[in-house]
Structures are given as structure tokens and as C-alpha cells.
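A short write-up of the structure that comes next.
Heavy-atom basis, side chains included; hydrogens, waters and symmetry copies ignored. In what follows, every chain begins at residue 1, and chains take the letters A, B, ... in the order their sequences are listed.
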There are 2 protein chains.
Amino acid sequence: MSGGTVTVGEAARLTGVSAKMIRWYEARGLLPPAARSAAGYRHYGEADIRTLQFVRRARDLGFDVEAIGELLALWHDRDRPSAAVKAIAQSRIAELRRRIAALEGMARSLERLAEDCCGDGRPECPILDDLAAGEGKPVKSG
Amino acid sequence: MSGGTVTVGEAARLTGVSAKMIRWYEARGLLPPAARSAAGYRHYGEADIRTLQFVRRARDLGFDVEAIGELLALWHDRDRPSAAVKAIAQSRIAELRRRIAALEGMARSLERLAEDCCGDGRPECPILDDLAAGEGKPVKSG
DNA sequence: ATGGAGCTTCCCACCGTGGGAAGGTCAAGG
DNA sequence: CCTTGACCTTCCCACGGTGGGAAGCTCCAT
């Protein structure tokens, strides 16, 4: 083989996916079983490395394992309709937007409360008051 | 009795914290061990219910169990400096902002890619191309 | 007294990741 | 040849929160 094959550790270094996670992805079926040496060591060729880089990038974009599996399948399918890929991306975008909105709501509430808290040595604290009173006052507009 | 005491299930209904989580919070030390009936049933009084509501509200604001524990302690301490509470809130805000920024970066990258993907029946797909090529092109400015 | 709702504890699962133990392998150096 | 140390293998455990469910007990209404 042109490029020579590498062990998990090397593959991890080359791709930024930890050896632990590489094995885990394989066990989960995200990656096909790696080739093994006589002694049982996993070995990765150039194509495997490219796959791992794909996985890493997808992971960095917030796709979960299942979605990455679907993306890999589409990647390998030369006849895929780009609409299928786009659909996955868009549902991920929607999920990300949902989570962002939830966190944003929390952050805004807390910022409002922290603003009202003088934050000195005195015990009066609107933050605790809010937590204690806590009528479902989600974020409101102001 | 003024309020009467209630069982876990009732407390769950009153506070929106599931019975399962109430037991778990107790096991984790977030809540003091509940009073028990002769038969071993947990019983909660009005103060306990208020505490659970406090916990629920704090949880909804994105505090983790450890932070909620600290907030509870400060809540019970009449001499607390409000600065201590504010500090916790602010570090939580910072954490939320960090997570929001990370998710926002992912969402923006994906949106950019999805925009470039015509999403029809043809196989050409800039999303997959990006995942495959994936040089660390984080989010950039656009 | 019986049925069913509700309680108890305990275990298992998820997701993605890391830590570490126990043991096998490989290459380098003595 | 043998040791050493880095690396590999598998397996188990943990995290944070949450839910599911089993086995067994209790309580209340009929």
C-alpha cells in the first residue's frame, strides 16, 4: 500500500480523535471494524484517516453519532441527493437554535438578576429572592 | 397541622421536580435526608417544598447540582454577602455565554454551508465537501 | 380482604468522554 | 537473549442528569 498503515495512536494524532473514541466509534458501528495485524492491533490506511477526519469535523459541528453515521453513508453514496444532506444539516441547525434559545433565556434572566444585585457585603440579594419566590417568570421581554 | 406533610409523589407534583430526581438530589447530598414515616416513606413539609421549588428554579436557570448546593447554603445563611451569590451567578452567566458562543459558531457554519447547498436531487454537496476537506475553518467572520 | 396506586431500593440505559487496570506486543538497547 | 518502556488490547468505572423498570412493601378505599 502506498501510504503505509498506522496504529490507533497514530491515527488519533493525525485526526484529533482520541484513540479511545476511535475504538468507541467502531464499537458503536459508526466506523467499520478496523483492519487488524496478526497480533490484533488496529491498522488504518489513508482512506480510514480521511473518514476519521470527516467524523471529527462533523462532531465539531455538533452532529451526534447517529447523524454522523447518516452523513458518512451519504458521503459514500455517489448518487446521494444533496437534499438528503441538507435536510440533516437543517435539522441540526434547528436543534442548535433551540438549545441556543434555551441557554440565551437562562443567561438573560441571570443577567437581569445580577444587575439588580449590588453584590457587596450585605445579605439582601434579589437573585436569591427570585429563586425562592420563583413564580414561573421565564424571561419575559424586558 | 397548618400545611400537612406530603409524600414524594405529591412533592413532585407541587414542585415540578420528579420524584426520581428528588430522591437523587437527596442521595447526592443536595437536599438533607427527608423525614420518614414509620414505614419508611419520605415526608415533606412546607419548608421542604419551598426548598424544592428553589432547586427547580435554579435548575431551570442552568445551575448545576454543585452550584445549586452553594446557592442553597447561601440562601439559608442570613448573613451571606450578596457578593457571594452574585459571583456564582456571574460565573454561571460566563459559562452559559461560552456554551452559547460554541453552539452559535456551529450553527453559523452549518447555515453557511446549507445556504450553498442547492438541496435537490443532484449529488453535488458543499456540506459533504466541507466535512471531507475540513481544514480547521472555524466560523470566520462572515 | 383485596386491588391498585404509591412508596421503597436497586439496577440499567442514554451520550460522549476520560481514567485506569490487567495483560499482550513491539522495537530499541544492553 | 532479555529487559525496558511505549504502545496496543479488552474490560470496567466515572461523570451529569434523567428516565425505565423490577421486586417488594404500604396505604387506602371498597
Side-chain angles (χ1 to χ4, degrees), chain A residues 4-31 33-44 48 52 54-72 91-92 95-96 98-99 102-103 106, chain B residues 4-31 33-45 48 52 55-72 91-92 95-96 98-99 102-103 106:
Chain A
T5 63
V6 297
T7 59
V8 251
E10 204 65 31
R13 258 164 255 131
L14 289 171
T15 61
V17 181
S18 74
K20 215 97 179 182
M21 290 314 297
I22 294 177
R23 297 193 196 101
W24 186 76
Y25 289 149
E26 180 185 331
R28 305 263 26 219
L30 183 59
L31 304 172
R36 301 288 189 130
S37 74
Y41 282 28
R42 287 175 179 80
H43 279 275
Y44 298 89
D48 303 309
L52 279 168
F54 183 104
V55 169
R56 168 147 159 59
R57 175 95 178 115
R59 195 188 58 178
D60 287 351
L61 282 173
F63 290 99
D64 58 23
V65 192
E66 193 190 337
I68 297 177
E70 294 166 16
L71 290 170
L72 275 176
S91 90
R92 196 60 22 185
E95 171 65 17
L96 287 168
R98 238 174 288 133
R99 284 162 59 187
L103 296 180
M106 298 176 194
Chain B
T5 64
V6 297
T7 60
V8 251
E10 204 66 30
R13 256 164 259 133
L14 289 171
T15 61
V17 182
S18 73
K20 212 96 179 188
M21 290 314 297
I22 294 177
R23 296 193 196 101
W24 185 76
Y25 289 149
E26 180 184 330
R28 305 274 359 237
L30 182 60
L31 304 172
R36 301 288 189 129
S37 73
Y41 282 27
R42 286 174 180 79
H43 279 275
Y44 299 88
D48 303 308
L52 279 168
V55 169
R56 165 141 159 68
R57 175 96 178 115
R59 196 188 58 179
D60 288 350
L61 283 173
F63 289 100
D64 59 22
V65 192
E66 193 190 337
I68 297 178
E70 294 166 17
L71 289 170
L72 275 175
S91 89
R92 195 60 22 183
E95 171 65 17
L96 287 168
R98 238 174 288 132
R99 283 162 60 189
L103 297 180
M106 298 175 194

Revision key, fill the gap. Here the distance between atom C1' of C:dT8 and atom OH of B:Tyr44, to the nearest Å, is 12 Å
Practice item. Identify the heavy atoms of A:Leu96 and A:Leu61 that sit nearest to each other, and give their distance. Key: CD1-O, 4.1 Å
Practice item. Within residues 62-70 of chain A, find the residues that approach DNA chain D with a heavy atom at under 4.0 Å, and present them sorted by residue number. Key: none
Review point. Over how many whole Å does the gap from B:His43 atom NE2 to C:dG6 atom P extend?
Key: 14 Å
Practice item. Assign A:Ser18 to base, sugar-phosphate, or nothing according to its heavy-atom contacts below 4.0 angstrom with the strands shown. Key: sugar-phosphate
Review point. Looking at side-chain heavy atoms only, is the closest gap between B:Arg36 and B:His43 below 4.5 Å?
Key: no
Point to revise | Closest non-hydrogen atom pair between B:Ala34 and B:Arg42, with its separation | key: CB-CG, 3.8 Å
Point to revise | Least distance between heavy atoms, A:Leu31 atom then A:Ile22 atom | key: CD1-O, 4.0 Å
Review point. Where do B:Arg13 and B:Glu10 land on the salt bridge (charged side-chain N to carboxylate O under 4.0 Å, His left out) test, with the steps shown first?
Key: CA-CA 5 Å; B:Arg13 256 164 259 133; B:Glu10 204 66 30; 2.7 Å; yes
Practice item. May I ask you to say what B:Arg59 touches in the nucleic acid, namely base, sugar-phosphate or nothing, with a heavy-atom cut-off under 4.0 Å? Key: sugar-phosphate
Check your understanding: Mind checking whether B:Met21 and B:Trp24 have side chains closer than 4.5 Å, heavy atoms only?
Key -> yes
Review point. Separation of A:Arg99 atom CZ from D:dG17 atom P, in whole Å?
Key: 14 Å
Point to revise | Salt bridge B:Glu95-B:Arg98, side-chain N to carboxylate O under 4.0 Å | key: yes
Review point. In whole angstroms, how far is the C1' atom of C:dT17 from the CZ atom of A:Arg23?
Key: 13 Å
Exercise for review: Would you kindly give the CD-to-C1' distance between B:Glu26 and D:dG17, to the nearest whole Å?
Suggested key: 17 Å
Review point. Between A:Thr7 and D:dC7, is there a side-chain N or O to OP1/OP2 distance below 4.0 Å?
Key: no
Review point. Given C:dG6, C:dT9, D:dC7, which nucleotide is nearest the side-chain atoms of A:Tyr41?
Key: D:dC7
Practice item. Could you please name the option among D:dC27, C:dT25, D:dT10 that lies closest to any side-chain atom of A:Ala39? Key: C:dT25
Point to revise | Shortest non-hydrogen contact between B:Ala67 and B:Arg92, atoms and distance | key: CB-NH2, 4.3 Å
Point to revise | Length of the CH2-C1' vector between A:Trp24 and D:dC13, whole Å | key: 16 Å
Review point. Would one find a side-chain N or O of B:Arg42 under 4.0 angstrom from OP1 or OP2 of C:dC7?
Key: no
Check your understanding: Between B:Arg28 and D:dG17, does any side-chain N or O lie under 4.0 Å from OP1 or OP2?
Key -> no
Check your understanding: Between B:Leu52 and B:Tyr44, what is the shortest heavy-atom contact and its length?
Key -> CD1-CD2, 4.4 Å
Review point. Between the axis at one end of the helix from C:dA1-D:dT30 to C:dG30-D:dC1 and the axis at the other (five pairs apiece), what's the angle to 10 degrees?
Key: 30°
Point to revise | Distance-only donor-acceptor test (3.5 Å): side chain A:Lys20, base C:dG16 | key: no
Exercise for review: Please report, rounded to the nearest Å, how far the P atom of C:dA27 is from the CD atom of A:Glu10.
Suggested key: 14 Å
Revision key, fill the gap. By nearest-heavy-atom nucleotide on DNA chain C, the more 5' of A:Met21 and A:Ala38 is A:Met21
Review point. What heavy-atom pair brings B:Asp60 and A:Met106 nearest, and what distance separates the two atoms?
Key: O-CG, 3.4 Å
Check your understanding: Under the 3.5 Å rule, do the base of D:dG17 and the side chain of B:Tyr25 count as making a donor-acceptor pair?
Key -> no
Check your understanding: Rounding to a whole Å, what distance do you find between A:Ile22:CD1 and D:dT10:C1'?
Key -> 16 Å
